[in-house]
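This report concerns only the one structure given below.
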Amino acid sequence: MAKLLALRMRGIRSIGDEEHVIDFLDPLTIIQGPNGTGKTTTIEALNYITTGALPTGKLATFIHNNKLANKNRVDALIQMKFISCDGREVTATKRMASVIKGAKSTNKSDEYTILIKDKFGNETSLSSKVTDFNKEMVNFLGVPKAILDNKMIKELETEIRSIDAELPYLKGYIQDKINEKQKLEHYLDKIEENRKKIEENNKSSEDMQVQLELVRNKLADFEQVQIKLAGLKPQVQMYREQKRSLNVPDFPGTEDDIRVEISKLLNSQDFNNAETERQTIEKEVVKVDSELLETSKKIREHQNDLNQASADDIRRKDLVKERSDLSKQVNLKYGIIPDADLNTVLLKKKSVMDVELVDFRKSVQKEQEEITNVVNQAREIIATQKSMETMKKSELSRLAPAIAKLEFELSKAETEDSAPAISQDSVPLEDPPVNFPMGVRRKEDYTNGYADGYKSGYITGYSRGYADGRVLQMTTLRKNLEEKKAQKASLLKEVEEIRHTLPQHQAELEENEQKRAKLNQEARSEEQRKTIEINELNEFIKQLLQFDSKLGNLKDNFDLIDSLKRKIEQLNESMQTLQNKKAMLERRMTSISSKQHEKRVLEDQLKKMEITQQLAVLEPELAKISAQFQSCEDLKKKEQSLNKQCLDLEHAVHRMSGEQGELSKRVDEIRRKLSEARYRDAQKAYRDKFIEKVCRMKSIDDLNKYWKIVDDMIIEFHRTKMEQINYILQDLWAKVYQGNDIETIKIKSEAVGKDEKKKSYDYSVVMTIDQVDIDMRDRCSAGQKVLASILIRIALAEVFGGHCPILALDEPTTNLDSEKIDNIAITLKRLIAHSSSSISSFRSNGNSSNSNQPNRRNLQLIVITHDQRLVDHLYLACRPEYTYGLSKDETGVSHIRIHQRLMDSQALYNA
Ligand SMILES: Nc1ncnc2c1ncn2[C@@H]1O[C@H](COP(=O)(O)OP(=O)(O)OP(=O)(O)O)[C@@H](O)[C@H]1O
């Protein structure tokens, strides 16, 4: 059984440098103290060292405040010594520190340690660096671990998931490997196939080369045939065309007959005479033709000249008409008599107009200058008057305050009748007193009047002098005022005059400016008009001169036209004569040409006969050679085809060789890929993983079965424990609660959530009234609530304490009335008294055969309270060797003292 021995604390909450050491008593330790002295701190320290749970606010607020300690570093310590559930002495130590550096504060925990001493005094230590401190503490205290989670199954499921994620990859590798192998086989087949094809192609290529050689040899023999054919073909063609062009019937005789006929004809007299005449006529015709040509050429030339002359004449007439129209227009415009020399008249008129324009400009300039002078003078006058007015006004504005000031001084002087009191000592002789009236302060007044009186050094003298001075001063002021007023009147008059005359001058100025503007406008438009007229006249003169120059170039050519027309007529007549002559000669030629025709026909027939004979020889030869040439053509075609086939085979071989290279590369690549570990070992890896997965799944099945059993056991365990708790609760309530309203209380549990693997329960505390269970929440008093919670804690500790029968109660009597405090005290007393025996013995109707009864235990109780009544009860009941008393000093630091007597602890509250 675990048992607490001591707790040592420093630097926690209100505990400062002075260590709090609590040596726990068995069975009861009482820690007593008023509010805020550190009672809960003790419970929190116990909780932290045993479970690692920190109160809200974390480490920062748990460690004693640096400001309160007035230190930049506060070191905190919690150390608990206890007997572990297996009987060893264990000392657990946790050290923390709060450090302030500048404005920054840091809190840190040092390494936690556990020192274990076995019954032989051998010591071993554990550090939080190598072990889970909290887990170890729970083990040492023997508190059973409440929850068996399904972490293992989860881990297995996670592993299966990761295997499941891996398997497709491995499968992929296997599939890849199969595919790659298939590809490899395919490429190897292809390489073999190509190799065979290349061999076949090479063989075919060699055969074809042999055939090609044969064909080429034959073609070399045919070259002569080709040359012959090339010569014969055009010759035969030529003969055929000649024969076709000889459009004469075949001669009905032999070649010699035709020759005899021709010779007969050539030797006849008629043929010779006709021939001579024909030659003469031919010469005549040539001559006439040349004359005709010459004449027609001349006609064309004359006709061209005539056309040009006619066009010039038309142009000249048009110009004459245009000039005459222009002259009429000009005559009409300027009133010139029709027969006058227009150019001369216009030039004269132009020079007159030029002079007029110059004169006009001069006169306008003069007028402008005159009126500009008038305007400028008017402006000067106005400017002078305006500046005069401004000057006068400023003089007037200066006069106004001077007059006002004089008027003020005068009225002031008139109202002052006696001299101001003055002591001789206080007034300097040289200067007039500053507080004297204005007039007297002037230098001349001072010397002339007032100074005489004053200088006498007597007050009477001063008064007389002052009176004289005042008279003089007032006279001077009046005179000055009159002068200023007269000056003002004169200035006002002058300003008025200026105001009167200024508008007249301005009106005159405006009138003259308008006149000047009008004059400028008129002069501009007049000058424009004159300029336009002169320009117009210039234009006329220019046009007339242009007409004259054009007409000067186009002379009257009537005679030329007439003579050309006559020449053309004569030449036409000569043409006609020549054509008649030529017609006559042609008619004569026709009459003598029959003999010639006869001779020509005979000659053509002879020629046709000769050509026919030639063709009779050549055409069969051509046919023969052509036939030979045809077979040569076939050979050429064959050569071409063989050449092409050879080339195709060569290309195919090249292409396949290239393909072979590419295929070899792919084969190498696939072999390299297949030699990679992931492909090489893919099947094995897949098999291993698959086996792993199956094993894991089997494990999950087993674990699920195990889980089910454990879960059922937990449910059973839970049910049993709840029954035990409720049994104890019922018993405790009956003993402690004195009222007769609530019969008993119990904890009700209900399973929530549908997840079988995450079973959880909702708990509620119910009270039984008239055999009916009612939820206690919000239906009971604060006292009933506190009582119920203490009893529940006792029951829970009783049932779940396991090998750790230690119960610490913090303020168990809060909100309880004195009667209930007494009852709680009695209950705790009984609990302690019977802790060494079976708990059933302190139940009123204990039934030792009940399966719900918990086991025997040695309860160690720690009661932390401020309640003196409870302390009194417990002290008297258990008579502990000592109690602990907590107090707090004026600096807010807690202190702990041991009290041997009850009175000492009572003194805590009187201090
Ligand atoms: N980090 C800290 N540093 C210094 N003092 C602190 C710190 N945290 C809390 N305290 C003070 O410690 C005192 C003890 O608090 P604790 O809760 O332990 O008192 P208590 O005796 O349980 O009071 P009560 O009976 O009122 O519950 C309080 O006065 C509180 O102000």
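Along the sequence shown, residues carry numbers from 1. Read the numbers this way: they start at 1 and go in the same order the structure lists the ligands and their atoms. When reading the values below, keep in mind they use all heavy atoms of this one structure, side chains included, and skip hydrogens, waters and symmetry mates.
- Residues lining ligand 1 at a heavy-atom distance below 4.0 Å are given as Arg13, Ser14, Pro34, Asn35, Gly36, Thr37, Gly38, Lys39, Thr40, Thr41, Thr61, Ile63, His64, Asn65, Leu68, Glu811, Lys888, ordered by chain and residue number.
- No side-chain donor from either of Thr768 and Glu743 sits under 3.5 Å from a side-chain acceptor of the other.
- A salt bridge between Asp762 and Lys748 is absent, with no side-chain N of the basic residue lying under 4.0 Å from a carboxylate O of the acidic one.
- Remark: aromatic rings of Tyr884 and His895 are distant, center separation not under 6.0 Å.
- Aromatic pair Phe62/Tyr48: centroids less than 6.0 angstrom apart.
- No more than 12 heavy atoms of other residues, nucleotides or ligands sit less than 6.0 Å from atom CZ of Arg95.
- Below 30°, between 30° and 60°, or above 60°: for Tyr763 and His718 the angle between ring planes is between 30° and 60°, a tilted geometry.
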